[in-house]
Amino acid sequence: MKNFGNNSSSSVIKPDLFISDLHLCSSRPHITSAFLSFLQNTVSQSNALYILGDLFEYWAGDDDIKDAHHQPIINAFRTLAESGVKIFFMHGNRDFLISKIFCDAAKITLLNDPSLIDLHGQRALLSHGDDLCTDDLDYQTFRQQVRDPQWQKKFLSQSLQSRKEQIEAIRLRSEKEKSKKSMLIMDVNQLAVNKLIKKNHYPKLLIHGHTHRPYQHHIQLDGHSITRWVLGDWYEQGSYLRCDQFSCKAMHL
Ligand code: LP5
Ligand code: MN
């Protein structure tokens with residue numbers, strides 16, 4: 001988003017940062033610590049942070065915000081937001097149940113998937129990326145079911161404990177099924193990417209995560225040049241995309 005600056009150093013345009021697929025959970029405390037340090041040391045010096053989904057390993061509902069693992073993360077977001085850093089969050093396939101209670105507590109803004117933004121004067125299209133994996137038919141059927149508001153209402157009416165147990169079962173099933181799927185099926189479909197780019201009038205950038213295959217793809221489509229940035233996950237090492245008024249660069253912690 002545009003940086004209009006509001007202090008004496010307003011001539012310095014701060015960068016915007018993009019992350020996804022952190023999969024934060026209490027069983028990987030070092031990743032949560034790395035993320036909290038990243039917020040404090042790097043994001044605090046930025047204009048905005050865009051979290052493009054799968055911040056958490058899974059999210060069972062906003063009544064889980066009191067969890068001891070989640071509290072420091074929510075507090076850190078709020079501190080940053082109060083210091084003037086804008087924080088945006090887009091749903092991933094694992095945390096699409098994040099809702100208003102979480103966003104209000106963390107002072108973050110929920111973005112639709114996809115969303116177009118003005119990134120230092122260039123149009124950038126943001127997405128989690130799972131919607132682009134159109135060859136993964138079983139996943140798309142599952143996605144359609146769990147993104148249905150009626151299904152979600154019924155699911156959320158159950159106890160937190162019961163929801164977590166069902167999610168654990170789905171995770172096991174998903175891991176088993178993924179081991180049988182080809183890498184090609186689990187990647188984005190190029191026609192789906194092209195369709196999204198056309199529909200959004202050829203943005204300069206498309207930034208997404210989900211596939212855990214970080215890369216800078218150059219696309220030529222109908223006479224337009226588009227860069228598709230795929231964000232990296234945080235399994236082994238924290239990674240982010242840093243965009244200033246000149247360029248974007250993939251960074252590691
Ligand atoms: O996340 P990732 O990259 O490991 O795998 C995804 C797809 N898998 C998923 C499932 C999640 O990983 C785990 C669940 C998240 C919790 C969501 C909370 C609320 C839902 C609660 C449901 C009870 O998204 C995986 C893709 C992969 O990306 C690559 O794109 O392949 O998809 C699958 O493996 C899904 C299977 O192909 C189909 C699973 C069918 C399960 C049907 C059970 C029916 C139960 C009905 C309840 C909805
Ligand atoms: Mn994902």
Side-chain angles (χ1 to χ4, degrees), residues 1-10 12-26 28-29 31-120 124-128 149 152 156 160 207-209 231 234 238-244 251 253:
M1 297 250 171
K2 277 182 184 159
N3 186 325
F4 294 106
N6 57 1
N7 56 31
S8 55
S9 58
S10 60
V12 178
I13 297 177
K14 293 180 176 178
D16 287 353
L17 310 180
F18 299 84
I19 54 172
S20 70
D21 304 285
L22 292 89
H23 294 238
L24 301 179
C25 60
S26 55
R28 283 196 290 265
I31 300 294
T32 302
S33 299
F35 181 56
L36 292 172
S37 303
F38 169 70
L39 292 179
Q40 206 167 32
N41 302 326
T42 309
V43 179
S44 61
Q45 309 305 312
S46 311
N47 172 54
L49 173 68
Y50 291 87
I51 306 165
L52 301 187
D54 289 356
L55 171 64
F56 294 108
E57 179 72 358
Y58 67 81
W59 191 258
D62 278 4
D63 48 345
D64 205 18
I65 57 167
K66 294 180 209 84
D67 184 278
H69 172 260
H70 302 148
Q71 275 298 317
I73 300 166
I74 292 169
N75 292 341
F77 283 149
R78 205 175 45 241
T79 303
L80 278 173
E82 285 168 355
S83 76
V85 181
K86 285 160 273 185
I87 306 175
F88 299 94
F89 172 78
M90 181 179 282
H91 288 145
N93 57 298
R94 287 163 172 260
D95 49 16
F96 57 84
L97 289 176
I98 282 186
S99 195
K100 188 172 166 26
I101 294 174
F102 176 90
C103 294
D104 287 352
K107 295 202 171 180
I108 63 177
T109 304
L110 191 60
L111 290 178
N112 288 329
D113 185 356
S115 279
L116 259 181
I117 63 164
D118 177 339
L119 184 60
H120 304 287
L125 185 62
L126 313 180
S127 176
H128 176 58
Q152 291 187 3
L156 289 168
L160 183 58
I207 307 173
H208 71 83
L231 304 172
W234 282 52
S239 70
Y240 60 101
L241 184 69
R242 180 189 188 280
C243 297
D244 59 23
M251 312 283 286
L253 295 187

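Any value given below was found using the heavy atoms of this structure, including those in side chains, with hydrogens, waters and symmetry copies removed. Along the sequence shown, the residues carry numbers beginning at 1.
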For this session: Let me see the working for Ile13 and Asn47 under side chain to side chain contact (heavy atoms under 4.5 Å, CB included), right down to the final yes or no.
Result: CA-CA 8 Å; Ile13 297 177; Asn47 172 54; over 6 Å; no
Seminar exercise, completed: In short, Ile87 meets Phe77 closest at the heavy-atom pair CD1-O, 3.5 Å
Problem set entry | Gln40, CD: over 12 other non-hydrogen atoms inside 6.0 angstrom | no
Exercise. Does any non-hydrogen side-chain atom of Asp16 lie less than 4.5 Å from one of His120?
Worked result: yes
Problem set entry | Intermediate values then yes/no, side chain to side chain contact (heavy atoms under 4.5 Å, CB included), Leu49 and Tyr240 | CA-CA 10 Å; Leu49 173 68; Tyr240 60 101; over 6 Å; no
Exercise. Are any non-hydrogen side-chain atoms of Ile65 and His70 less than 4.5 angstrom apart?
Worked result: no
Exercise. Heavy-atom distance under 4.5 Å between the side chains of Phe18 and Leu119, does that happen here?
Worked result: yes
For this session: Any chance you could measure Phe35, atom CZ, to Ile19, atom CD1, to the nearest 0.5 Å?
Result: 4.0 Å
Seminar exercise, completed: When rounded to the nearest 0.5 Å, the distance separating CG of Leu17 from CG of Leu39 is 10.0 Å
Exercise. So His208 and Leu52, side chain to side chain contact (heavy atoms under 4.5 Å, CB included) or not? Walk me through it.
Worked result: CA-CA 7 Å; His208 71 83; Leu52 301 187; 5.6 Å; no
Exercise. Looking only at atom types and distance, does a side-chain atom of Asp21 sit under 3.5 Å from a main-chain N or O of Gly209, one as donor and one as acceptor?
Worked result: no
Exercise. Of all residues at least two apart in sequence or in a different chain, which pass the side-chain hydrogen bond (donor to acceptor under 3.5 Å, both in side chains) check with Asp95?
Worked result: none
Exercise. Has the side chain of His128 got a donor or acceptor atom that lies under 3.5 Å from a matching backbone atom of Asp113?
Worked result: no
For this session: Kindly say whether Glu57 contributes a backbone atom to a donor-acceptor pair with the side chain of Arg28 at under 3.5 angstrom?
Result: no
For this session: Quick one: closest heavy-atom pair of Ala60 and Leu156, and the distance?
Result: O-CD2, 3.7 Å
Seminar exercise, completed: Heavy-atom nearest pair, Asp67 first then His69, reads OD1-N, 2.8 Å
Exercise. Out of curiosity, Ile74 CD1 to Thr79 OG1, how far, rounded to the nearest 0.5 Å?
Worked result: 11.5 Å
Exercise. Quick check: does any side chain N or O of Asp54 sit under 3.5 Å from a backbone N or O of Arg94, one acting as donor and the other as acceptor?
Worked result: yes
Exercise. Would you say Ile98 and His91 make side-chain contact, with heavy atoms under 4.5 Å?
Worked result: yes
Exercise. Roughly how far apart are Leu22 CG and Phe38 CZ, rounded to 0.5 Å?
Worked result: 8.0 Å
For this session: Can you see which heavy atom on Lys66 is nearest to which on Asp63, and at what distance?
Result: NZ-O, 4.2 Å
Problem set entry | Side-chain heavy-atom pair Phe56, Asp64 within 4.5 angstrom cut-off | no
For this session: Determine yes or no for a side-chain-to-main-chain donor-acceptor pair under 3.5 angstrom, with Asp62 supplying the side chain and Phe102 the backbone.
Result: yes
Problem set entry | Atom pair OG/CD1 of Ser115 and Ile207 - distance to nearest 0.5 Å | 12.0 Å
Problem set entry | Nearest-0.5 Å distance, CZ of residue Arg242 to OG of residue Ser46 | 7.5 Å
Exercise. With side chains defined as the heavy atoms from C-beta onward, is the minimum distance between Ile117 and Tyr50 less than 4.5 Å?
Worked result: yes
Problem set entry | Closest contact, heavy atoms only, Ala76 versus Leu36 | CB-CD2, 3.9 Å
Exercise. Which heavy atom of Val85 sits nearest a heavy atom of Ala48, and at what distance?
Worked result: CG1-CA, 4.2 Å
Exercise. Which is it for Leu24 and Trp234 under the side chain to side chain contact (heavy atoms under 4.5 Å, CB included) test, yes or no, and what are the steps along the way?
Worked result: CA-CA 9 Å; Leu24 301 179; Trp234 282 52; 5.7 Å; no
